[in-house]
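Below is one structure, written out as structure tokens; comments come after it.
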Number of protein chains: 2
Amino acid sequence: MGASKSEAFSAEQQNLAALAKALAHPARIAIIQHLLQVDSCICGDLVHELPLSQPTISQHLKELKLAGIIKGNIEGSSICYCIHPNQIAPLHSFISQLLKCTETNSSCC
Amino acid sequence: MGASKSEAFSAEQQNLAALAKALAHPARIAIIQHLLQVDSCICGDLVHELPLSQPTISQHLKELKLAGIIKGNIEGSSICYCIHPNQIAPLHSFISQLLKCTETNSSCC
DNA sequence: AAGTTTTATCGTAATATTGCAATATATAAA
DNA sequence: TTTATATATTGCAATATTACGATAAAACTT
């Protein structure tokens with residue numbers, strides 16, 4: 001009758017899904033793209049870049065932080081965010097497997 | 001007041017988010033892992049592999065199909081599913097960018 | 001045609017996500 | 001200490017996702 005039967009799956013499966021979920025919103029993609037562009041750290045001018053309110057952006061940042069995809073350092077009165085890609089490696093290699101599948105397994109379907 | 005302001009973002013951002021969303025559930029990760037393992041195609045024995053009902057699995061398959069990550073071919077009275085990784089390439093290269101960031105941009109934060 | 005098998009869809013309940021106004025917290029500046 | 005600036009948290013409404021029983025649709029078997 002409801003949602004969330006995820007306990008029934010392996011830790012690895014849950015981890016991959018959680019990483020993907022962190023990327024599963026255009027605003028969070030946009031935040032990451034901005035951080036990649038600016039290269040150095042960025043704080044709250046995301047509020048000026050994106051068509052969302054400050055609380056909403058703060059919430060998206062929190063989710064990215066929780067997933068380990070970004071990091072935030074306090075710097076004076078503002079907070080400096082930046083990419084912290086260590087955690088996302090498993091998702092990358094999972095997708096790599098998918099891509100390899102085309103070459104080796106082209107007979108299927 | 002609600003959800004979904006995604007029209008405000010670029011088509012690329014929406015596409016990347018949609019691809020990530022397709023992977024953002026342990027059951028769908030499990031389905032893909034099974035398809036990778038079995039190598040050749042698989043149909044409804046996913047129902048026996050996974051702790052979910054047939055309608056629920058059918059629904060997850062539909063989402064993966066919609067995202068272009070798997071393909072289904074009718075084969076007699078059953079349907080043969082397999083990986084179809086062409087669509088997911090953009091997400092892979094997006095994450096690749098993230099991973100590159102560690103090396104080049106280690107000064108930040 | 002009737003029955004069997006396999007997958008999809010509908011309807012609905014439970015839960016999760018998204019978005020923002022209002023408010024709280026924290027640091028800096030005066 | 002007061003004020004300004006920057007970010008986080010709370011509370012709530014709107015919407016989306018997840019799960020499954022019931023049922024439908026499609027193809028094979030007899």
Side-chain angles (χ1 to χ4, degrees), chain A residues 1-9 13-14 17-31 34-35 41-67 69-82 109, chain B residues 1-9 13-14 17-31 34-35 41-67 69-82 109:
Chain A
M1 295 103 183
S4 176
K5 212 170 177 180
S6 52
E7 339 77 38
F9 295 91
Q13 288 163 343
Q14 289 184 48
L19 287 169
K21 188 177 279 188
L23 302 180
H25 194 286
R28 294 194 287 273
I29 296 286
I31 288 173
H34 192 75
L35 286 174
C41 303
I42 270 293
C43 30
D45 25 33
L46 285 165
V47 178
H48 298 111
E49 292 284 338
L50 303 183
L52 294 171
S53 73
Q54 181 270 319
T56 302
I57 288 174
S58 184
Q59 197 175 287
H60 283 304
L61 285 169
K62 189 183 181 183
E63 284 181 63
L64 287 171
K65 221 189 316 177
L66 247 162
I69 295 173
I70 66 173
K71 238 169 55 170
N73 275 15
I74 299 175
E75 222 166 70
S77 67
S78 66
I79 290 181
C80 164
Y81 281 107
C82 63
C109 289
Chain B
M1 297 103 178
S4 175
K5 212 172 176 178
S6 52
E7 339 77 38
F9 296 91
Q13 288 163 342
Q14 291 184 48
L19 287 169
K21 187 177 280 186
L23 303 180
H25 194 286
R28 294 195 287 273
I29 296 285
I31 288 173
H34 192 76
L35 286 175
C41 304
I42 269 292
C43 31
D45 25 34
L46 285 164
V47 176
H48 299 110
E49 292 285 338
L50 304 184
L52 295 172
S53 71
Q54 181 270 318
T56 303
I57 289 175
S58 184
Q59 197 174 287
H60 283 304
L61 286 169
K62 189 182 179 183
E63 284 181 63
L64 287 170
K65 223 188 316 175
L66 246 161
I69 294 172
I70 66 173
K71 238 168 54 170
N73 275 15
I74 299 175
E75 220 166 71
S77 67
S78 66
I79 290 183
C80 164
Y81 281 106
C82 62
C109 289

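Note that the structure is a prediction, hence the values are computed from the model and not measured. Naming convention: chains lettered A, B, ... in sequence-line order (proteins, then strands); numbering from 1 in each chain.
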For the side chain of Q14(A) and the backbone of S6(A), is there at least one donor-acceptor N/O pair under 3.5 Å apart?
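Checking the backbone N and O of S6(A) against the side chain of Q14(A), a donor-acceptor pair under 3.5 Å is found.
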Donor-acceptor pair, side chain of R28(B) and main chain of A17(A), under 3.5 angstrom:
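Side chain of R28(B) to backbone of A17(A): no pair is present.
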Closer than 4.0 Å, any side-chain N/O of [X] to the OP1 or OP2 of [N]?
{"X": "K62(B)", "N": "dT9(C)", "value": "yes"}
{"X": "Y81(A)", "N": "dA6(D)", "value": "no"}
{"X": "H60(A)", "N": "dG19(C)", "value": "yes"}
{"X": "K65(A)", "N": "dA8(D)", "value": "yes"}

Within the 4.5 Å heavy-atom criterion, are [X] and [Y] side-chain neighbours or not?
{"X": "Y81(A)", "Y": "L61(A)", "answer": "yes"}
{"X": "L46(A)", "Y": "H60(A)", "answer": "no"}
{"X": "L23(B)", "Y": "I69(B)", "answer": "yes"}
{"X": "T56(A)", "Y": "L50(A)", "answer": "no"}

Grab the [atom1]-[atom2] distance between [X] and [N] for me, whole Å please.
{"X": "L61(A)", "N": "dA8(D)", "atom1": "CG", "atom2": "P", "value": "7 Å"}
{"X": "Q59(B)", "N": "dA16(D)", "atom1": "CD", "atom2": "P", "value": "15 Å"}
{"X": "L50(A)", "N": "dT18(C)", "atom1": "CG", "atom2": "P", "value": "14 Å"}
{"X": "K5(A)", "N": "dC20(D)", "atom1": "NZ", "atom2": "C1'", "value": "9 Å"}
{"X": "N73(B)", "N": "dT6(C)", "atom1": "CG", "atom2": "P", "value": "18 Å"}
{"X": "L46(A)", "N": "dT5(D)", "atom1": "CG", "atom2": "C1'", "value": "17 Å"}
{"X": "I79(B)", "N": "dA25(D)", "atom1": "CD1", "atom2": "P", "value": "15 Å"}
{"X": "L23(B)", "N": "dT17(D)", "atom1": "CG", "atom2": "P", "value": "15 Å"}

Between [options], which nucleotide gets closest to the side-chain atoms of [X]?
{"X": "K21(A)", "options": "dT18(C), dA16(C), dT6(C)", "result": "dA16(C)"}
{"X": "H25(B)", "options": "dC20(D), dT18(D), dA16(D)", "result": "dT18(D)"}
{"X": "T56(B)", "options": "dT18(C), dA8(D), dC20(D)", "result": "dC20(D)"}

Base versus backbone protein contacts along nucleotides 22-30 of chain C [heavy-atom cut-off under 4.0 Å; B, S, -]
B----BS--
Should E49(B) and I42(B) be marked as a side chain to side chain contact (heavy atoms under 4.5 Å, CB included) after you check the CA-CA gap, both sets of side-chain angles, and the distance that decides it?
CA-CA 11 Å; E49(B) 292 285 338; I42(B) 269 292; over 6 Å; no
A24(B) or S58(A): which one's nearest nucleotide on DNA chain D is closer to the 5' end?
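Looking at the nearest nucleotide for each, S58(A) comes out on the 5' side.
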Tell me what L52(B) touches on the nucleic acid: a base, only sugar-phosphate, or nothing, going by heavy atoms under 4.0 Å.
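Answer is sugar-phosphate: L52(B) comes under 4.0 Å of backbone atoms only.
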